[in-house]
Novice: 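I'd like to ask some things about the structure below.
Values below: every heavy atom of this structure, side chains too, minus hydrogens, waters and symmetry copies.
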Amino acid sequence: MAARKKTVAKRGGGLTVDDVREMALALPSTEERPSYGTPGFRVSDKLFARVLDDDSIVIKVDFDHREALLDSKPDMFEVTPHYQDWPMVIVRLKTVDRRLLEALLKEAWRRSASARVLKALEPAAPAPKPAKKAPARKRSK
């Protein structure tokens, strides 16, 4: 039986680590495993998000997207020198809204998932329809 996770009390406004956990684990094939002593979320054994502390997480993004996030919402996103050379951005949970965080987690998940995991999510191709038989021709006598 899995150990019960520590619940972080809801602060005035913003999201919590429990909210992040719920969103991340709702993504297919996601596992929670410790990463540097805090919860990390992985797909295909690749880290796509990790809790830094009760107030922030780090999420995988491409560098161009990261720059756009930093320019457009400096109150929500930051990069410390440690993450400068990595395709990651720090997200402040007090200021980010749920819809944006869900979108960022899904994109990070997609960037990390293996081709096998992604293929399993594709809708099954419809079964081919049986070929129609040509109408029987009448034989002349």
Side-chain angles (χ1 to χ4, degrees), residues 1-140:
M1 187 160 145
R4 185 174 170 98
K5 304 288 181 193
K6 178 183 170 191
T7 300
V8 178
K10 189 83 166 174
R11 298 178 305 274
L15 299 172
T16 67
V17 170
D18 282 342
D19 295 323
V20 173
R21 178 178 285 115
E22 176 187 326
M23 288 183 250
L25 293 177
L27 298 168
S29 302
T30 296
E31 296 178 325
E32 179 178 337
R33 290 198 329 238
S35 179
Y36 300 100
T38 63
F41 302 98
R42 297 173 178 269
V43 62
S44 305
D45 205 30
K46 293 182 185 171
L47 185 72
F48 68 89
R50 159 176 116 72
V51 174
L52 292 177
D53 55 41
D54 285 346
D55 298 317
S56 57
I57 63 170
V58 64
I59 295 180
K60 184 181 250 184
V61 294
D62 66 45
F63 288 107
D64 291 335
H65 192 197
R66 179 173 81 179
E67 290 309 310
L69 292 170
L70 292 169
D71 289 344
S72 67
K73 305 225 186 248
D75 60 319
M76 283 185 202
F77 304 102
E78 74 174 306
V79 175
T80 60
H82 175 79
Y83 289 108
Q84 191 63 43
D85 296 329
W86 297 95
M88 306 292 268
V89 68
I90 297 170
V91 181
R92 294 183 189 104
L93 296 177
K94 289 181 182 178
T95 56
V96 71
D97 67 76
R98 179 177 284 274
R99 182 177 290 160
L100 177 57
L101 185 56
E102 283 176 339
L104 289 170
L105 285 168
K106 285 178 186 176
E107 182 59 30
W109 180 91
R110 240 182 253 107
R111 289 175 50 82
S112 302
S114 68
R116 181 183 57 77
V117 169
L118 293 172
K119 185 168 177 65
L121 295 177
E122 292 176 6
K129 293 182 180 178
K132 291 185 179 181
K133 292 184 180 179
R137 294 187 338 182
K138 292 185 179 178
R139 293 180 12 159
S140 58

Novice: Identify the heavy atoms of S29 and V117 that sit nearest to each other, and give their distance.
Specialist: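 Shortest heavy-atom separation between S29 and V117 comes out as OG-CG1, 4.1 Å.
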Novice: For residues L118 and W109, determine if any side-chain heavy atom of one lies less than 4.5 Å from a side-chain heavy atom of the other.
Specialist: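 A side-chain contact exists here, since the closest heavy-atom pair is under 4.5 Å.
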Novice: Which atom names give the shortest non-hydrogen contact between E31 and L25, and what distance separates them?
Specialist: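 The pair with the smallest heavy-atom distance is C-CD2, 4.2 Å.
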Novice: Side-chain contact test, heavy atoms from C-beta onward, threshold under 4.5 Å: evaluate it for L27 versus F41 and give yes or no.
Specialist: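 No. Closest side-chain heavy atoms not under 4.5 Å.
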Novice: Side chains of F77 and T95: does their closest heavy-atom pair fall under 4.5 Å?
Specialist: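 A side-chain contact under 4.5 Å is absent here.
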Novice: Report yes if some heavy atom in the side chain of R98 is under 4.5 Å from a heavy atom in the side chain of L15; otherwise report no.
Specialist: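 A side-chain contact exists here, since the closest heavy-atom pair is under 4.5 Å.
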Novice: Can you see which heavy atom on L105 is nearest to which on A49, and at what distance?
Specialist: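 Closest heavy-atom pair between L105 and A49: CD2-CB, 3.7 Å.
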Novice: Out of curiosity, S56 OG to K94 NZ, how far, rounded to the nearest 0.5 Å?
Specialist: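 If we round to the nearest 0.5 Å, S56:OG and K94:NZ are 10.0 Å apart.
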Novice: So, taking the atom named CD in E22 and the one named CG in D18, what distance separates them when rounded to the nearest 0.5 Å?
Specialist: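 If I round to the nearest 0.5 Å, the distance is 8.5 Å.
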Novice: Does E102 pair with R99 as a salt bridge, N-O distance under 4.0 Å?
Specialist: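 Between R99 and E102 there is no salt bridge, as every charged N stays at least 4.0 Å from the carboxylate O atoms.
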Novice: Do V91 and V20 touch side chain to side chain, with heavy atoms closer than 4.5 Å?
Specialist: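 A side-chain contact under 4.5 Å is absent here.
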Novice: Kindly indicate whether the side chain of D55, heavy atoms from C-beta on, has any atom under 4.5 Å from the side chain of L93.
Specialist: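 No; the side chains remain at least 4.5 Å from each other.
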Novice: Ignoring hydrogens, what is the shortest heavy-atom contact between S44 and S112? Give both atom names and the distance.
Specialist: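 Looking at all heavy atoms of both residues, the closest pair is CB-O, 4.0 Å.
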Novice: Minimum heavy-atom separation for L47 and G40, please, with both atom names.
Specialist: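 In terms of heavy atoms, the two residues are closest at CD1-CA, 3.9 Å.
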Novice: Quick one: does K46's side chain get under 4.5 Å of R111's, heavy atoms only?
Specialist: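 SC-SC contact between K46 and R111 ruled out.
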Novice: Assess, by modelled atom type and distance only, whether the side chains of R50 and T38 contain a donor and an acceptor separated by less than 3.5 Å.
Specialist: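 Note: R50 and T38 side chains meet the donor-acceptor criterion.
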Novice: Let me confirm one number: the CD-CG distance from E107 to D62, rounded to the nearest 0.5 Å.
Specialist: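 E107 atom CD to D62 atom CG measures 7.5 Å (nearest 0.5 Å).
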Novice: Hey, could you give me the CZ/CG distance between R21 and D19, rounded to the nearest 0.5 Å?
Specialist: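 Output value for this atom pair is 10.5 Å.
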Novice: For residues 63-76, tabulate all N or O donor-acceptor pairs below 3.5 Å that involve a side-chain atom, not counting sequence neighbours.
Specialist:
{"from": "R66", "atom 1": "NH1", "to": "Y83", "atom 2": "O", "distance (Å)": "3.0"}
{"from": "R66", "atom 1": "NH1", "to": "W86", "atom 2": "O", "distance (Å)": "2.8"}
{"from": "R66", "atom 1": "NH1", "to": "M88", "atom 2": "O", "distance (Å)": "3.0"}
{"from": "R66", "atom 1": "NH2", "to": "Q84", "atom 2": "O", "distance (Å)": "2.9"}
{"from": "S72", "atom 1": "OG", "to": "A68", "atom 2": "O", "distance (Å)": "2.9"}
{"from": "S72", "atom 1": "OG", "to": "L69", "atom 2": "O", "distance (Å)": "3.4"}

